[in-house]
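Only one structure is covered here, and it is reproduced in the block below.
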Amino acid sequence: SGTSFDSIPAGIAGLSQIPTAGLAQIVAFVGFLELAVMKDITGGEFIGDFRNDAIDFGWDVFSPEEQERKRTIELNQGRAAQMGILALMVHEQLNNDPYIINSLVGYPLEFNAGF
């Protein structure tokens, strides 16, 4: 439909501006990943083990204690990333300023300028 990336605002406001066909493509791609790619085919050693005997970056050389430590680190990093994204979304909805840290340190950034 001739929609350019520049014409869609950032953040949650951009969702209402994405054409229906674009949203359908996103949903279809995520569905494909869920149904065809991210499958636990071999049963794995633990919940969430999606290596499926295809990728091994030396995981098997770690001791069980080291494997547990690395899984814990990965889970905690994922949780921290989710909390960070949630904080950006909350600040965007509160005052349309998801980059609150920039304002706190004296370098405000105008979010969605021109929209």
Side-chain angles (χ1 to χ4, degrees):
S1 68
T3 305
S4 68
F5 284 108
D6 293 338
S7 66
I8 297 178
I12 296 173
L15 287 177
S16 64
Q17 302 297 318
I18 298 174
T20 306
L23 287 175
Q25 287 176 346
I26 292 170
V27 169
F29 181 67
V30 170
F32 166 75
L33 290 177
E34 285 288 330
L35 296 174
V37 178
M38 299 301 291
K39 295 176 80 172
D40 193 1
I41 297 169
T42 61
E45 295 176 33
F46 50 88
I47 296 173
D49 183 10
F50 293 112
R51 294 175 295 155
N52 296 326
D53 294 332
I55 299 173
D56 187 6
F57 296 116
W59 179 256
D60 295 332
V61 301
F62 295 124
S63 68
E65 294 82 19
E66 184 70 10
Q67 289 178 351
E68 180 67 28
R69 187 178 81 77
K70 289 185 177 289
R71 279 195 299 269
T72 303
I73 289 171
E74 183 68 20
L75 275 173
N76 287 334
Q77 288 175 346
R79 290 173 181 150
Q82 290 173 6
M83 290 295 103
I85 293 297
L86 179 62
L88 286 174
M89 291 169 38
V90 166
H91 280 286
E92 180 183 346
Q93 291 301 305
L94 287 176
N95 61 359
N96 201 32
D97 184 17
Y99 309 118
I100 188 84
I101 192 73
N102 292 16
S103 301
L104 293 175
V105 296
Y107 296 99
L109 180 67
E110 195 168 336
F111 183 67
N112 274 338
F115 288 102

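Note that the numbering runs from 1 along the sequence shown for the chain.
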Closest approach of W59 to Q67 (non-hydrogen atoms, all atoms of both residues)
O-NE2, 3.0 Å
Sub-3.5 Å donor-acceptor pair from the side chain of E92 to the main-chain atoms of G11, do we have one?
no
Quick one: do L23 and I8 end up in the same hydrophobic cluster if we chain Ile, Leu, Val, Met, Phe, Trp and Tyr together by side-chain heavy atoms under 4.5 Å apart?
yes
Minimum side-chain heavy-atom gap Q17-S7 below 4.5 Å
no
Count I, L, V, M, F, W, Y as connected when their side-chain heavy atoms are under 4.5 Å apart, and connections chain through other members. Are F32 and V27 then in the same cluster?
no
Rounded distance (nearest 0.5 Å) linking atom CD1 of I73 with atom CD of E68
10.5 Å
How many angstroms lie between atom CD of Q82 and atom CD of Q77, to the nearest 0.5 angstrom?
12.5 Å
Honestly curious: do M83 and L88 fall in one hydrophobic cluster under the side-chain, below-4.5 Å linking rule?
no
What distance separates R69 CZ from E65 CD, expressed to the nearest 0.5 Å?
11.5 Å
Between A13 and S16, what is the shortest heavy-atom contact and its length?
O-OG, 3.1 Å
Electrostatic pair E74-R71, nearest N-O below 4.0 angstrom
no
With a 4.5 Å cut-off on side-chain heavy-atom distances among I, L, V, M, F, W and Y, is there a chain of contacts connecting L94 to L86?
yes
State yes or no: do I12 and I85 share one hydrophobic cluster built from I, L, V, M, F, W and Y residues joined by side-chain heavy-atom distances below 4.5 Å, directly or via other members?
yes
